[in-house]
Amino acid sequence: MHVLKALIVTSTLTFPALGQLDSWAKAAGLKYFGTAVDNPSLNNQAYMKIVRDADEFGQITPANGQKWSNTESGQGRFSYGTGDAIANVPKQTGQLLRCHTLVWYNQLPSWVSSSFSRDQMQRIITSHIQNVAGHYKGQCYAWDVVNEAMEDDGKFRQSPMYKAMGVDYITHSFKTAAQTDPGAKLYYNDFNIERCCNAKINATLVMLKTVIAAGARVDGVGMQGHSRVGKSPSKRELKDTMAAFSQLVDELAYTEIDIRHTKLPTTAADREQQAKDYLEVVGACLETPKCVGITVWDFTDQYSWIPGQYSGEGEACLWDKSLNKKPAYTSVISLLQSAASAGLRKTPAPTAPVSTVPLCCGQGADNHDTIDLISEQPRKLK
Ligand code: XIL
């Protein structure tokens, strides 16, 4: 047994002064602290040494490897090379694999983007999920079954799947995933559903209630959590949102955390602010019984997707480009340590069926739809 784990098991009062993210997250009562990993970084040995350290990261998400464009680039032509290259890491280390993602409007091969009838689209989705989730059956702690189905204004995103099937594509995707890999936790995953209250969160709650009422199993909601230093949601706002989602599903997770600076280069004060912003997210998860874990969308600025997506912005991760830990890392560790010592976490209550749709902040959607809460700007992926 690892020294740190041994100490945690043998004493709940004495903790070592130093430790790593996943060890402390587990000691604090979470299931994991994880990271996304992308294929180009697999041959960087210094990077992979950190990835494979199961005390640092207890969970891995393929950043791109399992997406539709990589797994079924031509209809019925399935390939798993990029997904397997990442999935093989947790197979060797014992880390959890969060699988990402089965049905998403983006990184979709052009053949899926043509116009299909309802029946044709249903068959396309069935085949994609049966093959991809079938290939990874038994390996995924969780699947992001449907990703980013809603727009910021609360309308359904006009994806090829929605255009062909309406909301039924979401129900069908969850039902097919449940039949294919019954052991995986099935998640709905999206961005801008972190900060209470906005139209998107309330619409997402309504959508989930509809899908669950239609007989689909939705185990969890993944809140991506891409945000900006100094404008990131507060712990209070984050907890309010999770309280609403907790009424519908058994698990919640922050699935793609990065907190980017909008002005570069950064000052020491900027980096301290970033450290504080990370604490709000980690604190919100720790204080929400159903929040199971936190995944950062890569841990080093060397491989972050942010500079490629938001020109002039970046340094969003816990480690810098040279793999040095930043103040944000140290603050997250300290918070996890104090949570472990304080024994903060409570056992979550199971989800009882609710008759009404819960609303963010426990109040009517109408009261909040018009409030502009500086949420993440709508974005188009490059
Ligand atoms: C990003 C990857 O990190 C990039 O490498 C890729 O070019 C675009 O997609 N929300 C998601 C993730 O659910 O899949 C996205 O990942 C980031 C936004």
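For the numbers below, each heavy atom of this structure counts, side chains included, while hydrogens, waters and symmetry mates do not. When a ligand or atom number is given, it counts from 1 through the structure's own listing order.
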According to salt bridge (charged side-chain N to carboxylate O under 4.0 Å, His left out), does anything in residues 94-107 pair up with another residue at least two apart or in another chain? List the pairs. Arg98-Asp144
Ligand-side contact atoms (ligand 1) for residue partner [X], heavy atom cut-off under 4.0 Å:
X: Glu256; value: 10 (N), 11 (C), 12 (C), 13 (O), 17 (C), 18 (C)
X: His100; value: 11 (C), 12 (C), 13 (O), 14 (O)
X: His226; value: 18 (C)

Rounded to the nearest 0.5 Å, the CG atom of Leu108 sits from the CE atom of Met161 at a distance of 4.5 Å
Checking Lys325 against Phe299: charged group under 6.0 Å from the ring centre and within 45 degrees of the axis? no
Determine, considering heavy atoms only, which of Asn147, Asn64, Thr61 sits nearest to atom 5 (O) of ligand 1. Asn64
Can you tell which of Gln224, Lys67, Glu148, Gln66 gets a heavy atom nearest to atom 15 (C) of ligand 1? Lys67
If we set the cut-off at 4.0 Å for heavy atoms, which region of Trp297 has an atom near ligand 1: side chain, backbone, both, or neither? side chain
Under-4.0 Å heavy-atom contact with ligand 1, by part of Gln309 that carries it: neither
Lys/Arg N to Asp/Glu carboxylate O, Arg236 vs Asp240, below 4.0 Å: yes
Return yes or no for this condition: an N or O of Trp104 is under 3.5 Å from an N or O of ligand 1. no
In a check of side-chain contact (heavy atoms from CB on, under 4.5 Å) between Ile257 and each of Val281, Thr295, Thr35, which one passes? Val281
Side chain to side chain donor-acceptor pair (under 3.5 Å) evaluation trace for Tyr187 with Glu251: CA-CA 9 Å; Tyr187 271 66; Glu251 290 197 6; 2.5 Å; yes
